[in-house]
Amino acid sequence: MARKVIVLGEIRDKALRNVSFEAIAAAKVLANGGEVVGILIGEKAANLASDMIAYGADRVVVAENEKFKHYTPDGYAQALMAVIEEEKPEGIVFGHTSLGKDLSPKIAAKLNAGLVSDVTAIEADGDNITFIRPIYSGKAFEKRVVTEGIMLVTVRPNNIAPLEKNEERTGKVASISVEIKDLRTIVKDVVRKASEGVDLSEAKVIIAGGRGVKSAEGFKPLQELAEVLGGAVGASRGACDAGYCDYSMQIGQTGKVVTPDLYIACGISGAIQHLAGMSNSKVIVAINKDPEANIFKVADYGIVGDLFDVVPMLTEEFKKL
Ligand code: FAD
């Protein structure tokens, strides 16, 4: 059975986040040969429609409104519900991001539908779609099927490969005007930290520091390595609690969940709550003074040593490449 599936494109800094393209790839599987419709909600969003099409959307619906300069839960829900009423899709895919995690349950409740969240893989066998998602902080995976109603899904960033970008693909772009009423919250402004670099949740390479880094200053060698590798710097809660870095960098059960291609853990013991946020990384390298540290149990490569010797050495070697 071919299905119509809509995908919410997520805009940040006037560009689409990568997870939007991964969501399109997921939507293609759900659509089973049917139509994939990209949805863009923003103050000015139409110029991003061609990107959604280049990554596989068959057409795009744009809801522009000055009230959408920043994400507003009520406003986005109103716009998306207007599109859903018009399009009557059989599936909806979001990124499993802060926005997707906030908006998707609202939409599911409005539609009286179920929600399969944090999907890392999709198996398709003809009409039958099986969603795979981690449970118990990543220690096990469960398989879910949707037996009735609309399939609402959020996909974890960095797990489902996007389709190859093809700028020659064409598709219709239409606008929908939505009357936005009774917004209960309005975001007036978003102030970013000046030093914010690569987005942690979408980074392909993450260098993470733990309590072993010992101070804010101690993060400098990690930052240098991250710069050489084009990656982002993350942290354990131990490092955040100690005041070495900002909580926005925390990875784990109560922090961000990341799945980079390469995760280098420096001075992190590997507590279960930390592993919950990074154990699905493709390659894990652990640097720790303690050969018995738990992090070595999940590491593909382990270096027993002082991070303040090892990390600068790695940086120098990578610079030569
Ligand atoms: P430690 O456990 O103190 O480990 C430091 C490591 O550094 C040690 O293994 C040591 O051998 C090594 N080391 C020291 N000096 C050096 C050096 N010079 N070179 C190399 N290695 C060195 N934690 C998270 O990370 N994320 C979460 O989201 C999270 N959520 C939590 C939720 C709950 C409800 C609870 C109870 C806890 C949570 N925690 C979380 C905390 C977690 O249990 C650990 O306390 C925390 O992860 C420990 O951080 P750490 O590994 O940096 O510190």
Side-chain angles (χ1 to χ4, degrees), residues 96-98 100-102 117-118 120 133-141 154 156-159 198-203 205-226 228-229 231-260 262-318:
H96 193 70
T97 56
S98 307
K101 283 188 269 185
D102 188 60
S117 69
D118 203 13
T120 52
R133 59 190 296 277
I135 52 169
Y136 301 126
S137 300
K139 286 195 285 300
F141 289 87
T154 68
R156 185 185 283 200
N158 272 340
N159 279 269
V198 181
D199 181 354
L200 197 55
S201 49
E202 291 194 340
V205 176
I206 293 177
I207 320 295
R211 224 173 336 232
V213 169
K214 295 194 176 66
S215 64
E217 190 74 4
F219 266 89
K220 274 207 176 136
L222 277 60
Q223 262 141 14
E224 279 161 22
L225 180 56
V228 171
L229 294 176
V233 178
S236 71
R237 177 156 150 190
C240 299
D241 282 346
Y244 307 159
C245 54
D246 194 84
Y247 280 102
S248 61
M249 290 163 68
Q250 185 184 317
I251 291 164
Q253 190 181 316
T254 44
K256 293 198 167 87
V257 175
V258 296
T259 328
L262 174 63
Y263 189 91
I264 306 184
C266 312
I268 293 178
S269 59
I272 190 82
Q273 297 91 348
H274 186 76
L275 302 188
M278 48 62 75
S279 60
N280 288 325
S281 304
K282 296 195 181 71
V283 176
I284 299 172
V285 179
I287 305 167
N288 198 303
K289 281 206 295 200
D290 176 6
E292 302 298 322
N294 200 46
I295 191 82
F296 288 126
K297 291 191 185 142
V298 296
D300 299 286
Y301 300 94
I303 303 173
V304 179
D306 190 317
L307 72 94
F308 295 106
D309 297 330
V310 178
V311 172
M313 269 196 273
L314 287 177
T315 307
E316 284 317 306
E317 288 304 314
F318 281 122

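As the structure lists them, so they are numbered: ligands from 1, and atoms in each ligand from 1.
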Atoms in ligand 1 with a heavy atom of [X] nearer than 4.0 Å:
X: K214; value: 14 (C), 15 (N), 16 (C), 18 (N)
X: A271; value: 42 (C), 43 (O), 44 (C), 47 (O)
X: G255; value: 28 (O)
X: D306; value: 17 (C), 18 (N), 19 (N)
X: G210; value: 52 (O)

Taking [atom] as the reference point, the nearest protein heavy atom with its distance:
atom: atom 43 (O) of ligand 1; answer: Q273 OE1, 2.8 Å
atom: atom 21 (N) of ligand 1; answer: K289 N, 3.2 Å
atom: atom 14 (C) of ligand 1; answer: G212 CA, 3.4 Å
atom: atom 50 (P) of ligand 1; answer: S236 OG, 3.5 Å
atom: atom 46 (C) of ligand 1; answer: G238 N, 4.0 Å
atom: atom 4 (O) of ligand 1; answer: S269 CB, 3.3 Å

Does [X], backbone or side chain, put an N or O under 3.5 Å from an N or O of ligand 1?
X: L307; answer: yes
X: G267; answer: yes
X: A235; answer: no

Would you find a donor on one side and an acceptor on the other, under 3.5 Å apart, between the side chain of [X] and the backbone of [Y]?
X: Y263; Y: K282; value: no
X: R237; Y: H274; value: no
X: K256; Y: S248; value: yes

Next item on the list: Measure the shortest side-chain to side-chain distance between I264 and V311 over non-hydrogen atoms and say whether it is less than 4.5 angstrom.
Entry: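 A side-chain contact is absent here, since even the closest heavy-atom pair is not under 4.5 Å.
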Of the listed options ([options]), which comes nearest to [atom] when hydrogens are ignored and any heavy atom counts?
atom: atom 45 (O) of ligand 1; options: Q253, K256, R211; value: R211
atom: atom 28 (O) of ligand 1; options: E292, Q250, R237; value: Q250
atom: atom 30 (N) of ligand 1; options: T254, N288, V310; value: T254

Checklist line | Non-hydrogen atom of I251 closer than 4.0 Å to ligand 1 | finding: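 Per 4.0 Å heavy-atom rule, I251 contacts ligand 1.
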Item checked: Heavy atom of G305, distance to ligand 1 below 4.0 Å ->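 The answer is yes: ligand 1 sits under 4.0 Å from a heavy atom of G305.
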Least distance between heavy atoms, [X] atom then [Y] atom:
X: F308; Y: V213; result: CZ-O, 3.2 Å
X: N280; Y: T259; result: O-CG2, 3.1 Å
X: V233; Y: A226; result: CG2-CB, 3.7 Å
X: A239; Y: F219; result: CB-CZ, 4.0 Å

Note to self: Would you say that more than 12 heavy atoms from the other residues, nucleotides or ligands in this model lie under 6.0 Å from the NZ of K220, or not?
What the structure shows: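 No, not enclosed.
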Note to self: Please check if the number of heavy atoms outside Y247 that lie under 6.0 Å from its OH is greater than 12.
What the structure shows: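 More than 12 within 6.0 Å, yes.
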Note to self: Please report the interatomic distance CD1(I284) to CG(L275), rounded to the nearest 0.5 Å.
What the structure shows: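 If we round to the nearest 0.5 Å, I284:CD1 and L275:CG are 8.0 Å apart.
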Check: Roughly how far apart are S279 OG and I272 CD1, rounded to 0.5 Å?
Finding: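 So the gap between those two atoms works out to 8.0 Å.
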